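Written out below as structure tokens is the structure these notes cover.
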Amino acid sequence: MDTLILRDAQEADLDAMVDLLQQLFAIEADFNPEPDKQRRGLALMLAQPGHAKLLVAEFGGRVVGMLTAQVLVSTGEGARVALLEDMVVDAGHRGRGVGGALLGAMEAWAVEAGLPRLQLLADRQNAPALEFYKRSRWTPTQLVAWRKHPAPAD
């Protein structure tokens with residue numbers, strides 16, 4: 001019988017992770033599935049192990065889920081914290097505890113790394129994800145995410 005395995009992502013997982021991100025970005029209004037960009041971003045994170053954590057969930061020898069975290073400094077906490085991104089479970093494996101296992105593993109990593117806070121962004125239209133985070137005891141904040149793509153100087 002196959003069991004779920006959680007492990008650190010490796011370069012050999014890039015294709016599977018890019019495929020998962022295509023599923024995620026297909027439902028998020030703020031992002032577009034662009035495999036080359038997603039591959040570059042994942043490779044950058046893999047190349048910076050002290051600043052990022054990439055977990056994959058494997059079932060039956062196949063990567064079926066992933067979660068990434070990037071470390072930053074919070075002046076509010078006066079400490080390093082982590083921003084979770086790229087939480088996605090393959091559509092055929094949702095509802096089987098894969099997402100909860102990934103979140104639990106990332107929370108354990110944060111405790112071990114001495115990070116007092118985790119935060120994440122979720123698409124406000126993704127009701128299943130919002131309910132999942134609520135069930136996982138995450139709480140929304142009063143902050144609103146903003147972004148801008150700065151124009152290069154002339």
Side-chain angles (χ1 to χ4, degrees), residues 4-9 13-14 16-35 37-58 63-152:
L4 184 67
I5 297 170
L6 301 179
R7 60 176 176 76
D8 289 333
D13 299 316
L14 281 174
M17 294 171 72
V18 168
D19 288 346
L20 286 168
L21 288 176
Q22 302 321 290
Q23 291 184 47
L24 178 62
F25 292 166
I27 62 172
E28 288 191 344
D30 288 329
F31 298 100
N32 296 311
E34 296 184 54
K37 285 185 177 181
Q38 279 82 70
R39 181 178 303 283
R40 280 196 313 269
L42 290 167
L44 282 169
M45 284 191 278
L46 282 171
Q48 301 178 37
H51 299 283
K53 177 80 168 171
L54 292 82
L55 292 176
V56 294
E58 188 178 286
V63 172
V64 299
M66 64 179 282
L67 175 58
T68 66
Q70 296 184 58
V71 176
L72 52 113
V73 174
S74 166
T75 55
E77 297 289 346
R80 296 178 336 130
V81 298
L83 173 64
L84 302 190
E85 291 194 306
D86 305 325
M87 172 67 168
V88 58
V89 174
D90 179 71
H93 289 83
R94 293 181 189 148
R96 299 180 185 181
V98 176
L102 283 165
L103 271 183
M106 197 63 85
E107 290 172 16
W109 165 78
V111 169
E112 184 178 306
L115 306 177
R117 185 183 77 213
L118 296 174
Q119 60 195 49
L120 60 83
L121 299 173
D123 188 308
R124 70 181 81 214
Q125 302 303 316
N126 189 342
L130 297 176
E131 184 57 34
F132 166 74
Y133 293 125
K134 185 177 178 181
R135 282 192 320 268
S136 299
R137 297 188 317 261
W138 283 71
T139 55
T141 71
Q142 296 301 309
L143 299 173
V144 176
W146 293 66
R147 74 175 182 186
K148 182 178 184 179
H149 295 279

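Not measured: the values here are computed from a predicted model.
By the side chain to side chain contact (heavy atoms under 4.5 Å, CB included) test, Ala105 is found to be paired with Leu6, Leu55, residues two or more places apart in sequence or in another chain being considered. Every residue meeting the salt bridge (Lys or Arg N to Asp or Glu O under 4.0 Å) condition with Glu58, not counting sequence neighbours, appears here in chain and number order: Arg7. Legend: residues meeting side chain to side chain contact (heavy atoms under 4.5 Å, CB included) with Pro35, ordered by chain and number and at least two apart, are Val18, Gln22, Gln38. Remark: Arg39 engages Asp15 in a salt bridge (Lys or Arg N to Asp or Glu O under 4.0 Å) (not counting sequence neighbours). With sequence neighbours excluded, the residues forming a side chain to side chain contact (heavy atoms under 4.5 Å, CB included) with Leu130 are Ala122, listed by chain and number. With sequence neighbours excluded, no residue satisfies side chain to side chain contact (heavy atoms under 4.5 Å, CB included) with Val111.
Pairs engaging residues 25-35 under the salt bridge (Lys or Arg N to Asp or Glu O under 4.0 Å) rule: Glu34-Lys37 [sequence neighbours left out]. Annotation: salt bridge (Lys or Arg N to Asp or Glu O under 4.0 Å) contacts involving residues 138-150, sequence neighbours excluded, are absent. Judged as a salt bridge (Lys or Arg N to Asp or Glu O under 4.0 Å), the pairs with a partner in residues 45-57 (not counting sequence neighbours) are, in order, Asp8-Lys53. Counting only residues at least two apart or on different chains, the salt bridge (Lys or Arg N to Asp or Glu O under 4.0 Å) pairs with a member in residues 103-117 are Glu77-Arg117.
When atom types are taken as modelled, the side chain of Asp86 and the backbone of Leu21 share no donor-acceptor pair closer than 3.5 angstrom. Remark: side-chain polar atoms of Ser74 are not paired, donor with acceptor, to backbone N or O of Ala79 under 3.5 angstrom.
The CG atom of Leu42 lies 11.5 Å from the CZ atom of Arg40; values are rounded to the nearest 0.5 Å. How far CG of Leu120 is from CE of Met106: 11.0 Å, rounded to the nearest 0.5 Å. Rounded to the nearest 0.5 Å, atoms CG (Leu24) and CE (Met66) are 8.5 Å apart. With rounding to the nearest 0.5 Å, the separation of CG in Leu83 from CG in Leu121 is 6.0 Å.
Looking at heavy atoms from C-beta onward, Leu67 lies in side-chain contact with Leu103 at the 4.5 angstrom threshold. Residues Val81 and Val71 fail the side-chain proximity criterion, which asks for heavy atoms closer than 4.5 Å. Between Leu102 and Val56 there is no side-chain heavy-atom pair separated by less than 4.5 Å.
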Just list the side-chain donor-acceptor pairs under 3.5 Å for residues 133-145, sequence neighbours left out, or say none.
{"residue": "Ser136", "atom": "OG", "partner": "Phe132", "partner atom": "O", "Å": "2.9"}
{"residue": "Thr141", "atom": "OG1", "partner": "Leu143", "partner atom": "N", "Å": "3.1"}

In residues 89-97, what donor-acceptor pairs under 3.5 Å come from side-chain atoms, sequence neighbours left out?
{"residue": "Asp90", "atom": "OD1", "partner": "Gln23", "partner atom": "NE2", "Å": "2.8"}
{"residue": "Asp90", "atom": "OD2", "partner": "Gly92", "partner atom": "N", "Å": "3.1"}
{"residue": "Asp90", "atom": "OD2", "partner": "His93", "partner atom": "ND1", "Å": "3.3"}
{"residue": "Arg94", "atom": "NE", "partner": "Val89", "partner atom": "O", "Å": "2.7"}
{"residue": "Arg94", "atom": "NH2", "partner": "Val89", "partner atom": "O", "Å": "3.0"}
{"residue": "Arg96", "atom": "NH2", "partner": "Gly92", "partner atom": "O", "Å": "3.2"}

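In terms of heavy-atom proximity, Ala43 sits nearest to Leu14 at N-CD2, 4.2 Å.
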